[in-house]
Amino acid sequence: MKEEGKKKILWAQNSMKVLTLLKKEFKKEKPFEGLKIAACLHVTTETANLVIALQEGGAKLRLCASNPLSTKDDVAESLIEDYGIEVFAKYGESKDEYYQNIQKCLSMKPHITLDDGADLTSVLIENFKEYGENMIGGTEETTTGVIRLKAMEKRQELLFPVIAVNDSKTKFLFDNRYGTGQSTIDGILRATNTLISGKIFVVCGYGWCGKGVAMRARGMGARVIVTEVDPIKALEAVMDGFEVMKIESAAEIGDIFVTVTGDKNVIDKDALEKMKDGAILANSGHFDVEINKKYLEENSIKQQRIRPDVDEYTLKNGKRIYLLAEGRLVNLAAAEGHPADVMDMSFSNQALAVKFLKENGKNLEKRVYTLPQEIDEKIARLKLESMGIKIDELTEEQKKYLSSWKEGT
Ligand code: ADE
């Protein structure tokens, strides 16, 4: 199994040119010598490349999963056996095991934490403050995690500075949009092998992830409907050419539903009862709370696993609803998550956030920060370079023009 894992890690590395460049720099300069890092991330081939890069820079790492269904066991095994990285994660681990593994990671008393969804930070703050005595700071990968951390900051409960990696442009504009867009469709296809073309495809939420999913579903020939609560995002969806309506109306006509809102019970009992026989439901939001799974469990006359990652619920009204990946991140549970090409940018942000914390953490407050724009632009430039794309530069005349206000009509 570890041989397979290693091959997959190296395959992903081929598409992570920016991170590979940083890894070479880290190997030479050893900026993380003596640093202990506890990471709570999806244990994938891309994450493997990130932790290997940090290890090359001198860090000592522990890794646990940020979702019980996203761990690729062969990757975890290779990290342990081929790279000597301590991994506490298993595909299909129970909720208790999931939290025990977070605790094991934290017990190294890290200087820096990497989080995806803020579970590790929450556990540290709520139950194990003593594990945070050495902390310089943390990083956070995803929108949901940043929302939770900002709530901690507002209540003055945050114990150290955190870099919201999600809020770098080279993260959310690419990972959230193109990564979630493609990998969500990938997860639905691997789980169901259904035809997207001609289907009524309902996307709940039109943030960057929702935009990506809607765009890719349309690209595959679906008739796409968007549901939203935010009037500006709803208007964007309308002007992007999607039908926008309330979930109750969409529920009656949709064939495939994807939630990507970050909120709870977005598909609730009323919508579930209205759905057509055979409706397929998937979630690509961080937590498994967006579809009211409890209602399905408590109100079905029959429940069976019909394929791996597909659960059939027969409601009292006789209609069958198909829930993918238990309502957890379908792109990671039923597929492999975002492709390495986009994770290259997300994880270069993570790697440079660790370096930024190492260099500046002591001067930061217990707040949520975004990485400086120069770092964001550096990643974009390196990514373009790795793709062999050259762009123009401002001339002196143009720079001068942009910095003055005197030239008008
Ligand atoms: N989040 C989404 N896709 C991912 C991937 N491939 N690896 C790690 N985290 C992810």
Side-chain angles (χ1 to χ4, degrees), residues 5 8-16 18-20 37 39-54 61 63-76 78-79 85 87 89 91 98 105 113-120 139-146 164-168 170-188 190 207-213 216 258-260 262 282-288 325 328-351 353-354:
K8 289 181 190 168
I9 293 170
L10 294 173
W11 170 252
Q13 184 192 286
N14 289 344
S15 303
M16 300 183 88
V18 182
L19 188 65
T20 304
I37 300 178
C40 177
L41 299 168
H42 301 296
V43 182
T44 63
T45 54
E46 293 75 21
T47 297
N49 278 288
L50 170 64
V51 293
I52 292 165
L54 296 171
L61 284 122
L63 174 64
C64 62
S66 54
N67 186 300
L69 291 188
S70 63
T71 299
K72 309 299 172 196
D73 288 334
D74 51 359
V75 172
S78 171
L79 279 176
I85 291 175
V87 184
Y91 172 82
Y98 173 79
C105 242
T113 56
L114 314 187
D115 218 345
D116 185 336
D119 276 347
L120 181 127
T139 72
E140 172 51 51
E141 171 73 9
T142 200
T143 318
T144 294
V146 173
V165 162
N166 181 70
D167 295 355
S168 291
T170 47
K171 199 282 183 179
F172 73 83
L173 287 176
F174 303 92
D175 170 313
N176 301 22
R177 183 167 34 172
Y178 305 109
T180 309
Q182 179 168 315
S183 61
T184 298
I185 302 286
D186 187 15
I188 294 170
R190 291 198 207 191
W208 289 108
C209 295
K211 286 183 173 77
V213 176
R216 289 297 176 249
V258 175
T259 51
V260 256
N283 167 56
S284 257
H286 187 77
F287 289 118
D288 61 340
R328 295 197 186 273
L329 285 161
V330 73
N331 59 336
L332 280 141
E336 294 173 67
H338 304 352
D341 312 65
V342 282
M343 292 315 292
D344 188 25
M345 289 185 280
S346 312
F347 284 168
S348 293
N349 273 285
Q350 284 282 3
V354 172

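Side chains included, hydrogens not; waters and symmetry mates left out as well; all remaining heavy atoms used. Order of appearance sets the numbers: ligands from 1, and atoms from 1 within every ligand.
- Remark: minimum distance from atom 7 (N) of ligand 1 to any protein heavy atom is reached at Thr44 OG1, 2.7 Å.
- Distance check: Asn283 CG to Asp288 CG gives 7.5 Å after rounding to the nearest 0.5 Å.
- Shortest contact from atom 3 (N) of ligand 1 to any protein heavy atom: His338 N, 2.8 Å.
- Nearest protein heavy-atom contact of atom 1 (N) of ligand 1 is His42 CD2, 3.6 Å.
- Backbone and side-chain nitrogen or oxygen atoms of Glu46 are examined, and one is located within less than 3.5 angstrom of a nitrogen or oxygen of ligand 1.
- Under a 4.0 angstrom heavy-atom cut-off, Thr47 registers as being in contact with ligand 1.
- Within 6.0 Å of CD on Gln13 lie more than 12 heavy atoms contributed by other residues, nucleotides or ligands.
- For the atom pair CG of Asp115 and CD of Gln350, the computed distance is 9.0 Å after rounding to the nearest 0.5 Å.
- Atoms of ligand 1 found under 4.0 Å from any heavy atom of Glu336, numbered from 1 in the order shown, are 6 (N).
- Ser70 and His42 are linked by a side-chain donor-acceptor pair at a separation below 3.5 angstrom, with hydrogens and angles left out of the test.
- Defined by atom type and a distance below 3.5 Å, a donor-acceptor pair is present between the side-chain atoms of Asp119 and Tyr98.
- Under a 4.0 angstrom heavy-atom cut-off, Glu141 registers as lying outside contact with ligand 1.
- No hydrogens or angles considered: a donor-acceptor pair under 3.5 Å links the side chains of Thr170 and Asn349.
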